[in-house]
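Inspection log for the structure reproduced underneath, given as structure tokens.
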Amino acid sequence: MIGGLFIYNHKGEVLISRVYRDDIGRNAVDAFRVNVIHARQQVRSPVTNIARTSFFHVKRSNIWLAAVTKQNVNAAMVFEFLYKMCDVMTAYFGKISEENIKNNFVLIYELLDEILDFGYPQNSETGALKTFITQQGIKGQTKEEQSQITSQVTGQIGWRREGIKYRRNELFLDVLESVNLLMSPQGQVLSAHVSGRVVMKSYLSGMPECKFGMNDKIVIDKQGKGGASDDAGKSDLGGGSSGKQSIAIDDCTFHQCVRLSKFDSERSISFIPPDGEYELMRYRTTKDIILPFRVIPLVREVGRTKLEVKVVIKSNFKPSLLAQKIEVRIPTPLNTSGVQVICMKGKAKYKASENAIVWKIKRMAGMKESQISAEIELLPTNDKKKWARPPISMNFEVPFAPSGLKVRYLKVFESKLNYSDHDVIKWVRYIGRSGIYETRC
Amino acid sequence: MPAVSKGDGMRGLAVFISDIRNCKSKEAEIKRINKELANIRSKFKGDKALDGYSKKKYVCKLLFIFLLGHDIDFGHMEAVNLLSSNKYTEKQIGYLFISVLVNSNSELIRLINNAIKNDLSSRNPTFMCLALHCIANVGSREMAEAFASEIPRILVAGDTMDSVKQSAALCLLRLYKTSPDLVLMGEWTSRVVHLLNDQHMGVVTAAISLITCLSQKNPDEFKTCVSLAVSRLSRIVSSASTDLQDYTYYFVPAPWLSCKLLRLLQCYPPPEDGAVKGRLVECLETILNKAQEPPKSKKVQHSNAKNAILFEAISLIIHYDSEPNLLVRACNQLGQFLQHRETNLRYLALESMCTLASSEFSHEAVKTHIETVINALKTERDVSVRQRAADLLYAMCDRSNAKQIVAEMLSYLETADYSIREEMVLKVAILAEKYAVDYSWYVDTILNLIRIAGDYVSEEVWYRVIQIVINRDDVQGYAAKTVFEALQAPACHENMVKVGGYILGEFGNLIAGDPRSSPLVQFNLLHSKFHLCSVPTRALLLSAYIKFINLFPETKATIQEVLRCDSQIRNSDVELQQRAVEYLKLSSIASTDVLATVLEEMPPFPERESSILAKLKKKKGPGAVSVPDLEDSKREGGELNGGGERGPDTTAMASSNASTPSPSADLLGIRSAAPVGAAPASAGSLLVDVFSEAGPAAPSAAVNDDGFLSSAPPSEDPAPPLPEADDLLNKFVCKNNGVLFENQLLQIGIKSEYRQNLGRMYLFYGNKTSVQFASFTTTTSCPGELQSHILFVHHVVSLCSQTIHFRQLGTSLQLCPLIVPRCQPPLQPPLPCVFSP
């Protein structure tokens, strides 16, 4: 279990230090600073073992969060906890920065007391935490309120309190995906996968029961066989034109509110949502991925001192959609002595400090193409080593889900209060971003 | 040399370096470097030619980046261009870049060599020096090939500047060290030697390093340097401290040069020319005199320089080893240093004294310092100094002071550092042996040694004490008494048990008269240590027990009881088991006469050089101790204990029985005797133990013999055994094939081979007559017990007029039920082979 948790600034000064177990001494604080933060060689592994003590760290801007243990813990659990901790802190005071941490250190210690007990992670749901850990002094809570909080925190549904009331019942659903690709120069896909998240913001009264439906292949196939797809299509919320297309999800994980037994038996996702923002599910797909951009590189070596590079990018989605924040990074050889760039669209620049030509385009519609050509002058070297030709990488943002995931419905039932599924205002948004999106040249 | 003026400093470089130093992270640093590299590349690529200053600046930046640990694969050309510049700073940076970055297989090497050649032939001394430094710094074989012939010319040319000469001499030295075959002095030799007469002290200092190195390879060619060196030395030594101005270091005239001269002289024997020798002796005396003078300065540099010369002079005196007067003076001087408060001086004094002690002239003088050295051994804080003190004690030891020194070393051993203990033990053992006046003292010393530092007593030491005790009968009784007493200590070192076991086993009878050390008491004492010992020691103790049976027949029952108990006779260690079984059988079967013969006292060992000395030499490495040792033994050979006891190498004892499976020494030689004792008994019948397995895992022949003796069934052989057959038969104790039987009519041969549980036996019948045998039958029978285990398959292979070839094939011996891991019961009763011609 986690023996202690430390937060450092970029200089290695300790901002927060909370020890949960006796086997972690004060010297552990210094050990991490000396061996990781001030290490001569940059430490790349997130797990460091120093004198039989394991340090798990994550870095947020220039703040280091380190969990320490002497036991053999599940590293994935520790990192999940650290990420959750970051989320909680962000939810309480915004950006994680040295100043914010210093200003809120009492709050952070209070949170640490609550979300870790003797090193075991506890309820770290922001919504629930906010009911009893507040930033504004101590409220004069009545006895009933107190007992209500206790029963909620210790009860079945720890992530939602009773008696929430909204004048407008609203629901926001974001499908965020990042698409990763490695492509050969000839356009052959060497590896590709999408990792996605469904993030939800709910502002619903009472204790509503929700049911979430998407175009999961298994569900669609089952319904297609049974022929009892009465609510498919009828309550199709997505912007997608057809509900027939289905996707194969490789694996997925859910928020704790989702009833897993029901998912296992019927593959339906039903849950009582927490109040506010949370991540409903995470998933990964590898089949039938829509690649938003195709990069066609053309590199020609003219003698020993010149290199001609031409890169064409093609957008491969509906013309009505607009991709944003497009950035293509073309690596240059290490002996580049000068670069001339011509591009039809956007701006391109040779960045010597990064050994790359960076080409930026603000917006680009679907089914378009654009190209850049560059002349790279080389300095002859006495090194016989050939240039390794690193891949051309790309960044972008598109308003659809490259995995093909569609939200079919999100139904809300609240039996006690008098609002129905139709009264809830629902919003759905798809965002596809590039992960590691590379094409060899 | 022209210094870099302020205005010439490179601002861009300074800015770049401070940028790098201000970088917060590794990434930022790499980014900055990438940017700078791109900038330099574009500058170098640029069409308009760069001026010397910016070229120098960028090359400097590249050098800095390289030194930060990044690869630099361009800019070499620019650096080479800088070489042809006329400005000192530009040239210097060019040479710097080249000596750091250019590797020998570069294609630029030709250009570089060209530039160097130009500089060498220029008249500008600074440029020549730069070029020479570059050659020396690179120092590759290619450089040597290109310039080895050029540099000697510069070195001896009359018009060369002094500073260039210095550089040239050192450059040549460097080239000579990397590729001696390319640097051929030949015609230059005499002129190089005459550099010793040069006006400039710097040139002389540089040249002497070269000459020393060269003269070590071919001393004859440079012989003339001796007289020059002596005259130079005398000039320096006799000069007043202010004469040499620049070359006076804290009031000591030219200390480095003096040291080098003295060292050069150490390459040669004493000069034959009387005048030269007189002058040299005078110099050495002056140096020794100066050491007595009060210091001219309290500074440590002054005394260091002075002492450096003094120590070199003393090593020269030791090297010559011909001037008793000087040697004694040197010794006295070192004696003073022994009590100096500088640890380094004490160390050096002890070290030099070690070599002085081996000279016949100064040996006595060294001996006078014995108290001081013993004190140093006890009180010195630094272990390396203590080690030197121990070395010196060892070196100064002779018959007169051996007892004192050995006693001191023994008492020191109790507190000595672990790192030097083993060496100390060896030294004590050697000294005790070499200078032993009476052997009781020797035995006492060694037993003490084992008691104090048992772990560090190597095998050789205790082998040696046993050899000596066995070879000297006057000490045997005393030794037995002493070990008996030593063994009574509750905790004994294992080596002590070994020595005790061996000596009591051999000479226990000498002290058996005393009721306090009666045979049974001795045995019980030894056996009380038995269970605490390792396997080799236990094996030795078992041998000692069997010797006891011979020495004291009254202990026989007790010892047999011990041997018979399961922990011996079924011991999982094959060596112990085998010994227990053999000894048990031997003691129960053999008559007292046989026992007395077999278990006779060990014969004296042949005389050979002590193995301990060899071990010490090996440990110290060649040359460290061997010199005094050899000389010692030469000088004192007469008074050594006849040299006799330096004798046998104990490994010879171990080799007495080659069939012993374990490497442990069978010191009592009992094993080799066993078969001899058994063989006569087997001669009675024509029974061949054909199934004795001869594989390495099987019990050796001796075991089978014992079994054979105990269970030989009555012979049913109708053919009368012939006397000569007995002899033939004996061979099968250790052989697998041979002639089994032979008379005028018939020859029977046998050949057998065994693999695990399968055996194959061939019997060859040879008809020696000219007529054919009729109705020739052979019968093989086998005693009842074995019958069930053996499956015979007969195959008559060939039947011709002269020879009947009979083969018995696939004799499958189902021995498995008998072979248990502790294969104890007698394995195979012999197979009676009955035949009738």
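In the text below, chain A, chain B and the rest are named by the order of the sequence lines, each starting its count at 1.
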Return yes when atom [atom1] of [X] has more than 12 non-hydrogen atoms of other residues, nucleotides or ligands closer than 6.0 Å, and no otherwise.
X: Lys59(A); atom1: NZ; result: yes
X: Lys345(A); atom1: NZ; result: yes
X: Arg26(A); atom1: CZ; result: no
X: Ile436(A); atom1: CD1; result: no
X: Arg421(B); atom1: CZ; result: yes

Nearest-0.5 Å distance that lies between atom CG in Leu334(A) and atom CG in Asn34(B):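 These two atoms lie 7.5 Å from each other.
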Glu377(A) backbone acceptor or donor facing Lys45(B) side chain under 3.5 Å: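 Not a single qualifying donor-acceptor pair exists.
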Over all heavy atoms of both residues, which pair between Ser337(A) and Ser42(B) is shortest? Give the atoms and the distance, please.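 Where Ser337(A) meets Ser42(B) most closely, the heavy atoms are O-CB, 2.9 Å.
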Smallest separation among heavy atoms of Arg41(B) and Asn355(A), with atom names: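 The pair with the smallest heavy-atom distance is NH2-OD1, 3.9 Å.
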Stepwise side-chain contact (heavy atoms from CB on, under 4.5 Å) check, Phe44(B) with Leu379(A): CA-CA 8 Å; Phe44(B) 282 173; Leu379(A) 192 74; 4.2 Å; yes
Side chain / backbone / both / neither for Glu27(B) at chain A, heavy atoms under 4.5 Å: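 The side chain, not the backbone.
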